[in-house]
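Below is one structure, written out as structure tokens, with a few remarks after it.
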Amino acid sequence: VSQQLDGLAEVQGAVERLASTPLPYPYTLLLLRTAWLYVLLAPFALAAPLNWYTPLFNAIVAYTFFGLNEVARHMEAPFRSEPQCLALSAMCRVIEISVCEALAE
């Protein structure tokens, strides 16, 4: 039991470090500006080969880039209490039930 508690304490420390380490703002800003620059300049480079399909292709690229940016923003803080974040309350309840069963309480 002592080894399991030690392992649990190590994991808790790692999770706390993860929760308190945000993505640096300049990195986030650089990625967002690079995505905007690409989306704004790509149609000029693709107009000749794609003709009328250029807006469709650009819309797909923009959706992908900005969608990935939004996913990364949400993954940056997985311990918030929003619907798309981890269900920590449910996980804690399952662990509590398992511990109570193991201790025969």
Side-chain angles (χ1 to χ4, degrees):
V1 174
S2 178
Q3 290 176 343
Q4 289 178 342
L5 288 176
D6 290 341
L8 184 62
E10 288 178 22
V11 170
Q12 180 184 4
V15 168
E16 287 175 357
R17 284 191 300 277
L18 177 67
S20 65
T21 307
L23 195 61
Y25 181 72
Y27 179 74
T28 305
L29 188 64
L30 176 67
L31 287 178
L32 188 61
R33 286 184 179 172
T34 302
W36 271 109
L37 188 66
Y38 184 82
V39 167
L40 291 175
L41 295 179
F44 297 110
L46 299 173
L50 294 179
N51 291 332
W52 290 102
Y53 294 112
T54 302
L56 175 65
F57 179 78
N58 204 46
I60 292 170
V61 168
Y63 178 80
T64 303
F65 279 179
F66 296 123
L68 286 173
N69 184 47
E70 194 66 20
V71 168
R73 193 177 65 79
H74 284 291
M75 288 178 64
E76 181 180 349
F79 303 115
R80 289 184 281 185
S81 52
E82 293 180 10
Q84 67 271 17
C85 294
L86 295 173
L88 293 178
S89 298
M91 290 179 193
C92 290
R93 180 70 181 139
V94 169
I95 292 170
E96 179 184 7
I97 291 170
S98 298
V99 169
C100 288
E101 287 176 358
L103 296 175
E105 291 183 7

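Along the sequence shown, residues carry numbers from 1.
- If you chain together hydrophobic residues whose side chains sit under 4.5 Å apart, Val39 and Val71 never meet in one group.
- How far CD of Glu101 is from CD of Glu96: 11.0 Å, rounded to the nearest 0.5 Å.
- Considering CG of Leu32 and OH of Tyr27, their distance stands at 12.5 Å, rounded to 0.5 Å.
- Looking at heavy atoms from C-beta onward, Asn58 lies out of side-chain contact with Leu46 at the 4.5 angstrom threshold.
- The side-chain heavy atoms of Trp36 and Phe66, taken from C-beta on, include a pair separated by under 4.5 Å.
- Linking ILVMFWY side-chain heavy atoms closer than 4.5 Å, directly or via other members, places Leu40 and Leu50 in a single hydrophobic cluster.
- The CG atom of Asn69 sits 12.5 Å away from atom OG1 of Thr64, with the distance rounded to the nearest 0.5 Å.
- Counting heavy atoms of neighbouring residues, nucleotides and ligands inside a 6.0 Å radius, atom CD of Glu70 exceeds 12 of them.
- Val61 is listed as a side-chain neighbour of Phe57, based on a closest heavy-atom distance under 4.5 Å.
- Cluster membership for Val15 and Met91, using ILVMFWY side-chain heavy atoms within less than 4.5 angstrom, is shared.
- No chain of hydrophobic side-chain contacts below 4.5 Å, direct or via other Ile, Leu, Val, Met, Phe, Trp or Tyr residues, connects Leu5 to Leu103.
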